[in-house]
Structure formats: C-alpha cells, structure tokens
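Since we're looking at a predicted model, the values are computed, not measured.
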Amino acid sequence: MKKALLLLALIGPVVALAQNNNAPSSYDPHDIKITGYLQTQFQKAQSPGITSFSGGDFSKNSDNRFMIRRGRLKIDRVDTYSSIVFQLDATQDGVQLMDAFIQLRHPSQKGLSLTAGLFNRPFGYSIVYSSGYRDFPERARVFQTLMPRERDLGGMVSYHPGGKAKFLNLDLALVNGSGHSAKDYDSKKDLIGNLAFKFDSLADKKLHLGFGGSFYKGSVRNDTKTYYTPNSNGYTAHTSDENEGRAIGRNYYGANLQLEFDSSLGKSSFKTEYVAGDQPGVAGGADIKGPYASRSFTTQPTTDLYQRKFNGYYLWFTQEIAKTGITALLAYDVYDPNTKASGMTIGMPDNFTADGDVKFSTLGYGLAYQINNRIKLTVYNEHVTNETTSLPNFSADLKDNVFTTRLLYRW
C-alpha cells in the first residue's frame, strides 16, 4: 500500500502536466521523450448525413461509422533554459500538425515562461485540457464553434509561481486569430487572457477547487459593403463603401469552476464553464450549414458579416463507482448563437435571421471503464435538441442524436 501511495505521489505532477496541452510531459531536463494516445471508436447516428459536433459530420448516406477520432504523437525535450513540444494528429483523414512551440524559462524564475509557435488558446478550462484525459468524448459545442481545433499561432507569457502562491496561474497571449491550420488573413491580432486558481488541499485534502476567468479581444475583417448588427427582433443592416475592410468585434468573456471530492464511494466531480460576448459570423443556408454559420473563420469570409450576441455553457458531472474502475458521466451544454432572437422569430420576413441563429442544447450520458492505467473504454449517448423556428430547416427538432463507443490507449 505504501509503495502504491509513493508511486502515486511521484507520477501525480507528471499526470497534471500531461493534462495541460501547453506544456511538455515534464519540466525536468530530459532528451527526446515520446508520448501520445490513440482513440478508436464506433458511432451510430439517429439519421444519415447529420451535422455533428461529435467527431464531425456523417456522410450523406451513412448513419454509422468506424473512425480514428484522435491519433496523437507528442515529442518534447527540456533543458535548463528551454523546452520544445511537437505534436502530430494522425487519423483516417491524414496527418496534421497539432502543436509546435518553444518555451523559454530561467532557472531563477521557473514560474515565468515565454511560449512561441502553435499552441492551445489559453482561454478557460476545457480548451487547454488534454482530450487524452478528459472524461467526456468531446468539448462542448460552444467551444468547438468559437475555437475549432483549439490552437492558434502566436506568443504567450505565462506566470505560475511556486511556494505560497502555487495556486495561481496567469496567461496572456497574442495570436493571429485565424486558428490552427491557417495563416493570418488580415493585419489584426487577437489578445487572450486567462487567470486561474487551483486549491488541492482543502477539507483534509479531500476537496479540490479550481476557478477562473478569461477574456478574448479580437476582430474579423468585413470584406463587403454591408454588415449586420443585432436588434430586439433580428438584425439591422449597415451599408456603406466605408464598411469594406471594417473590423467587426470578436469579444468573449468567460468564467469556469471545478469541484472534486474524494470519498469512500469514489471521486465526485463537477465542472462548469460559461462564455458570452460578440461573435462575427455569416447568415448560414445552402452553402454553409446553420451550426457552422457562427464558427470562427480560418479564411477571409467573402459574404456579409453578422455580428451576434451569443452565450453558451456546459455542466459536467462524473461519479466514480467505488473501486470498480467505472465512472458514470452526465453532461449538459447549451450554445445560443443569437440571444437577441429566438423561437418563431427566427426566419420571419425582413428581420434577416437565418439558420445561423438557431439555439442548440445537448444532454449526454454514459459510462467510462478504466481497464488499466493505459486503456479506457467509454460508452456515451448524446441527445441533441434545437429550438423550433420559422425556418424550413428548423421547423422541428432534427434527428441528430449520436451514440459513441470509444477505446482509448495512452502511452
């Protein structure tokens, strides 16, 4: 028993680092180290060809599929003053670069670091938390919409002091704003800030508490003479020659909370995150499916921009079942791309609302079985609901639920 506790104490800091995508496997100096994980899965959709945030859309004539969801290979190296992280993602769709960044640190100021390259946007909790350790199969729809693929190119300053202030973590990043796989398409840069607190020694070390706040301040270039702003019933159109090249605000504000409690029944965990703000998008329709109309752009949008007031959140609850290795999962998330219009107002004549303004919510539930310290089996169902509107495509709830069985191997 003592040996097991000692091993847990030794690997604990390594596991904590591994859960953060913006860090090497360990900050102890080492030569090349290779880690990673593979997620294979089978999915059954409620109907063929659905739009899905559970691993991507289904093919036109398919309602089930086998797929490699993620195949990550992470290489890192650490010396006294610097570290480098390089990560690839290999799936049936090909090989993509996921992370490529250099970190600089000084031995006398280990809590201060400078990161440059391609890294996770330091916004909130779930964005930087590794998918190899997350209990739930996917991040919430709101974060997949605002920050698809999670990463961006830029520079970041981080401060994580030790000693009595080890509970504090501060990040400030300047990024292109065009996302993971794109070069910047305008001269503007986006600013991201994150302040987080974490306490692991409460209630005789049984209670773990984390919370924080984030902001994102940026813009998207309008490429036409018209853009739209929200009003109480839809949108107001603004048309002028001066609007071509105008920077339309992209601003988010978020807060998050994490609670974990250890007991003889197993660990209980509750995590939540809320984000709201302004998100430039397009109308949606024939060329762009509604759920993607408010997604952040990787290329210059060529049609009129719609600046939407949005909000979204998720609630995640997990309960370990004693020492069985089984964890019960329960989640609920909401993304409302346009808080100024709802229900039958959307799609009414002359208010300019469209498919991109429809609100979605998802109820997820399932079980995860930790077979050993490397292998985990997850069985999970998602019940997706959209609001009923005046739009032909959203006059009733879509049949877009998804059931997932996933096997993960981590090394």
Side-chain angles (χ1 to χ4, degrees), residues 4 8 11-12 15-16 18-19 36-47 50 52-56 58 63-72 91 125-126 129-144 206-208 210 256-273 313-335 360-385 399-411:
L8 183 62
I11 68 173
V15 171
Q19 293 170 351
Y37 61 92
L38 178 67
Q39 294 173 339
T40 65
Q41 65 188 34
F42 173 79
Q43 292 182 303
K44 177 69 171 68
Q46 193 176 8
S47 54
I50 64 168
S52 176
F53 282 72
S54 298
F58 281 72
D63 66 355
N64 67 84
R65 64 190 180 190
F66 286 101
M67 65 183 296
I68 304 297
R69 180 61 184 97
R70 296 176 179 91
R72 300 291 170 83
T91 70
Y125 174 80
S126 66
Y129 195 88
S130 171
S131 297
Y133 288 89
R134 189 180 59 245
D135 293 311
F136 296 90
E138 304 296 341
R139 292 176 177 86
R141 178 185 291 253
V142 59
F143 287 105
Q144 291 193 55
K206 293 182 179 181
L207 178 63
H208 312 280
N256 60 84
L257 171 69
Q258 304 86 46
L259 288 170
E260 291 183 357
F261 184 74
D262 300 323
S263 71
S264 58
L265 299 177
K267 182 184 294 183
S268 304
S269 171
F270 173 74
K271 301 176 181 180
T272 184
E273 196 161 357
Y313 63 89
Y314 66 80
L315 306 170
W316 288 348
F317 177 76
T318 64
Q319 176 62 57
E320 293 181 352
I321 302 175
K323 297 181 180 180
T324 62
I326 298 174
T327 300
L329 312 175
L330 180 64
Y332 183 71
D333 71 73
V334 172
Y335 175 53
F360 282 82
S361 62
T362 304
L363 174 65
Y365 47 89
L367 295 172
Y369 177 39
Q370 192 73 47
I371 300 172
N372 58 40
N373 64 345
R374 295 188 183 278
I375 304 175
K376 181 169 71 173
L377 174 66
T378 302
V379 179
Y380 195 74
N381 189 64
E382 290 174 293
H383 183 76
V384 184
T385 305
K399 296 183 181 300
D400 52 356
N401 300 342
V402 178
F403 174 79
T404 300
T405 299
R406 174 181 292 177
L407 189 64
L408 174 144
Y409 186 94
R410 185 174 58 242
W411 69 89

Q: With rounding to the nearest 0.5 Å, note down the distance linking OG1 in Thr404 to CZ in Arg65.
A: 8.0 Å
Q: Return the minimal non-hydrogen interatomic distance between Asp333 and Ala140, and the atom names on each side.
A: CB-CB, 3.9 Å
Q. Can a cation-pi geometry be assigned to Lys271 and Tyr129, taking NZ or CZ under 6.0 Å from the six-membered ring centre and within 45° of the ring axis?
A. yes
Q) What is the distance from atom CZ of Phe403 to atom OH of Tyr380, rounded to the nearest 0.5 Å? A) 12.0 Å
Q: For residues Glu320 and Thr327, report the shortest heavy-atom separation together with the two atoms involved.
A: CG-OG1, 3.6 Å
Q: Would you give the length of the straight line joining atom CG of Leu408 to atom OH of Tyr37, rounded to the nearest 0.5 angstrom?
A: 8.0 Å
Q: With the side chain counted from C-beta on, respond yes when Tyr332 and Tyr313 share a heavy-atom pair under 4.5 Å apart, and no when they do not.
A: yes
Q.
Could you go through Leu377 and Thr405, starting from their C-alpha distance and side-chain angles, then the distance that decides it, and tell me whether this counts as side chain to side chain contact (heavy atoms under 4.5 Å, CB included)?
A. CA-CA 7 Å; Leu377 174 66; Thr405 299; 4.1 Å; yes
Q.
Within the 3.5 Å criterion, strictly below it, is a donor on Arg139 or Gln144 matched to an acceptor on the partner's side chain?
A. no
Q) Which atom pair, heavy atoms only, marks the closest approach of Lys376 to Ala368? A) CD-CB, 4.2 Å
Q) Does Ser54 offer a backbone N or O that forms a donor-acceptor pair with the side chain of Glu382 under 3.5 Å? A) no
**Q.** Phe360 vs Asp400 side-chain heavy atoms within contact, under 4.5 Å
**A.** yes
Q: Report yes or no: does Thr272 contribute a side-chain atom to a donor-acceptor pair with the main-chain N or O of Tyr314 at less than 3.5 Å?
A: yes
Q | Point-to-point distance, once rounded to the nearest 0.5 Å, from OG of Ser268 to NZ of Lys206 | A | 12.0 Å
Q.
Is it true that Gln19 and Ser130 share a donor-acceptor pair across their side chains at a distance under 3.5 Å?
A. no
Q. With sequence neighbours left out, what residues match Phe58 under ring-ring contact (aromatic ring centres under 6.0 Å, His included)?
A. none
(Q) Counting the benzene-type ring for Trp, do Phe42 and Phe66 have ring centres under 6.0 Å apart? (A) yes
Q) With sequence neighbours excluded, what pairs up with Thr378 under the side chain to side chain donor-acceptor pair (under 3.5 Å) test? A) none
Q.
With heavy-atom distances below 4.5 Å as the criterion, would you say the side chains of Val334 and Ser361 are in contact?
A. yes
Q. Which heavy atom of Gln370 sits nearest a heavy atom of Asn372, and at what distance?
A. NE2-O, 2.7 Å
Q. How long is the span from the OG atom in Ser52 to the CZ atom in Arg141, to the nearest 0.5 Å?
A. 8.0 Å
Q. Side chains of Leu315 and Phe270: does their closest heavy-atom pair fall under 4.5 Å?
A. yes
Q) Under 6.0 Å from the NZ atom of Lys44, do we count more than 12 heavy atoms belonging to anything else shown? A) yes
**Q.** Nearest atoms (heavy-atom pairs only) where Leu330 meets Tyr365
**A.** CD1-CB, 4.2 Å
Q | Residue list, side chain to side chain contact (heavy atoms under 4.5 Å, CB included) with Leu38, at least two apart or on another chain | A | Thr40, Ile68
Q) Taking the side chain from Arg70 and the backbone from Ser131, do they hold a donor-acceptor pair closer than 3.5 Å? A) no
Q | Non-hydrogen side-chain atoms of Glu138 and Arg69 separated by less than 4.5 Å | A | yes
Q) Could you walk me through whether Asp135 and Trp316 pass the side chain to side chain contact (heavy atoms under 4.5 Å, CB included) check? A) CA-CA 9 Å; Asp135 293 311; Trp316 288 348; over 6 Å; no
**Q.** Minimum side-chain heavy-atom gap Val402-Ile50 below 4.5 Å
**A.** yes
Q. Roughly how far, to the nearest 0.5 Å, is the OG atom of Ser269 from the CG atom of Leu259?
A. 8.0 Å
Q) Do Leu363 and Asn381 have side chains that get closer than 4.5 Å, going by heavy atoms? A) no
